[in-house]
Protein chains: 2
Amino acid sequence: MTVDPVSTVFAALADPTRRAILARLAAGEATVNELAAPFPVSVQAISKHLNVLERAGLIVRTREAQWRRCRLEPAPLRTLAEWVDQYRRLWDDRYDTLDEYLDSLKGKDDEPAQ
Amino acid sequence: MTVDPVSTVFAALADPTRRAILARLAAGEATVNELAAPFPVSVQAISKHLNVLERAGLIVRTREAQWRRCRLEPAPLRTLAEWVDQYRRLWDDRYDTLDEYLDSLKGKDDEPAQ
DNA sequence: CGGTTGATAAACCGATGAGTTGAATATACG
DNA sequence: CGTATATTCAACTCATCGGTTTATCAACCG
């Protein structure tokens with residue numbers, strides 16, 4: 001029942017196997033078998049990971065004969081970068097004026113949950 | 001058994017209540033009761049969330065009489081920003097040369113998991 | 001001292017997550 | 001057609017998660 005997109009993306013990235021899959025896809029498209037090869041788990045497990053990544057919008061899959069080619073979709077990562085940037089002032093002295101702080105928060109707030 | 005720090009931080013951020021807590025702490029320190037007030041769940045549940053955030057290194061807690069003051073610790077968020085930045089070239093035309101691409105990947109790779 | 005307040009611990013519950021094995025589906029190939 | 005290959009579906013297991021309730025610990029206050 002966790003439907004909010006930000007949570008879905010964070011959850012998808014909370015698994016090292018899935019992050020490694022993304023790292024692989026950053027170098028170019030690949031099929032399920034190709035993606036599964038480096039890992040010590042079954043192809044089915046990788047298929048499930050791909051479902052998670054797809055539901056998070058982080059990849060798209062296209063049919064091609066009996067293969068499913070996977071491509072990385074960077075949009076959610078950009079959204080994430082913006083989310084993290086809300087907090088940039090807290091460690092980065094580039095944000096040292098109130099104006100910049102307020103700009104950085106514009107419309108990027110989290111609701112009080114649920 | 002998920003011990004790698006990146007996974008721990010992503011998992012901690014995958015919950016909207018915890019992100020809202022961080023958003024609140026970005027505005028300044030707070031006690032557990034103060035943090036719990038806006039939420040429709042028990043103080044104990046919030047206490048658990050704070051444990052998760054603390055284990056992820058996203059907050060630190062200090063004793064102060066019978067209160068536990070919580071403070072946001074932005075270091076893991078900076079790490080996260082760097083992680084996401086690996087992929088910036090994929091959506092951001094600022095990265096349009098091979099040199100910049102290679103720079104952006106320097107030493108930030110994910111291992112093939114486990 | 002006893003009571004109140006702030007916070008955590010412990011035990012439990014239902015749901016979800018990551019993995020397995022085994023079967024099914026779909027497409028190409030001889 | 002029949003078989004091999006690529007992928008997914010289904011059912012199951014085990015662990016973890018987010019929440020609850022009840023109980024405990026710690027510090028202040030009258």
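First the proteins, then the strands, lettered A, B, ... as listed; each starts at 1.
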> Given atom CZ of A/Phe10 and atom C1' of C/dG17, what is their separation to the nearest angstrom?
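Going from CZ in A/Phe10 over to C1' in C/dG17 covers 19 Å.
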> Nearest-Å distance, CD1 (B/Ile59) to C1' (C/dA7)?
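Result: 13 Å.
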> Please tell me if B/Ser42 has a side-chain N or O lying less than 4.0 Å from either OP1 or OP2 of D/dG19.
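No, because none of the side-chain N or O atoms of B/Ser42 sits under 4.0 Å from OP1 or OP2 of D/dG19.
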> Quick one: pull up CG in B/Leu53 and OG1 in B/Thr17 and give me the separation to the nearest 0.5 Å.
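One finds 10.0 Å between CG of B/Leu53 and OG1 of B/Thr17.
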> Using whole Å, report how far CG of B/Leu53 lies from P of C/dT8.
12 Å
> Protein within reach of the bases, or only the backbone? For nucleotides 5-10 of chain D, mark each nucleotide 5' to 3' as B, S or -, using heavy atoms under 4.0 Å.
-SSBB-
> For C/dG17, does OP1 or OP2 lie under 4.0 Å from any side-chain N or O of A/His49?
no
> B/Arg19 has an atom CZ; how far is it from atom C1' of D/dG18, in whole Å?
15 Å
> Rounded to whole Å, how long is the line connecting atom CD of A/Glu64 with atom P of C/dT27?
13 Å
> Only pairs at least two apart or in different chains count here, so list each salt bridge (charged side-chain N to carboxylate O under 4.0 Å, His left out) that has a residue in residues 23-32 of chain B.
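Residue pairs with at least one partner in residues 23-32 of chain B: B/Glu29-B/Arg71.
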> Between the side chain of B/Asp15 and the main-chain N/O of B/Arg18, is any donor-acceptor distance below 3.5 Å?
yes
> Quiz question: by atom type and distance under 3.5 Å, do the side chains of B/Arg68 and B/Asn33 form a donor-acceptor pair?
no
> Would you mind reporting whether A/Leu25 and A/Glu73 have side-chain heavy atoms less than 4.5 Å apart?
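No, their side chains stay 4.5 Å or more apart.
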> State whether a side-chain donor-acceptor pair under 3.5 Å links B/Ser7 with A/Arg19.
yes
> In whole angstrom, give the distance that lies between atom CZ of B/Phe39 and atom C1' of D/dT20.
18 Å
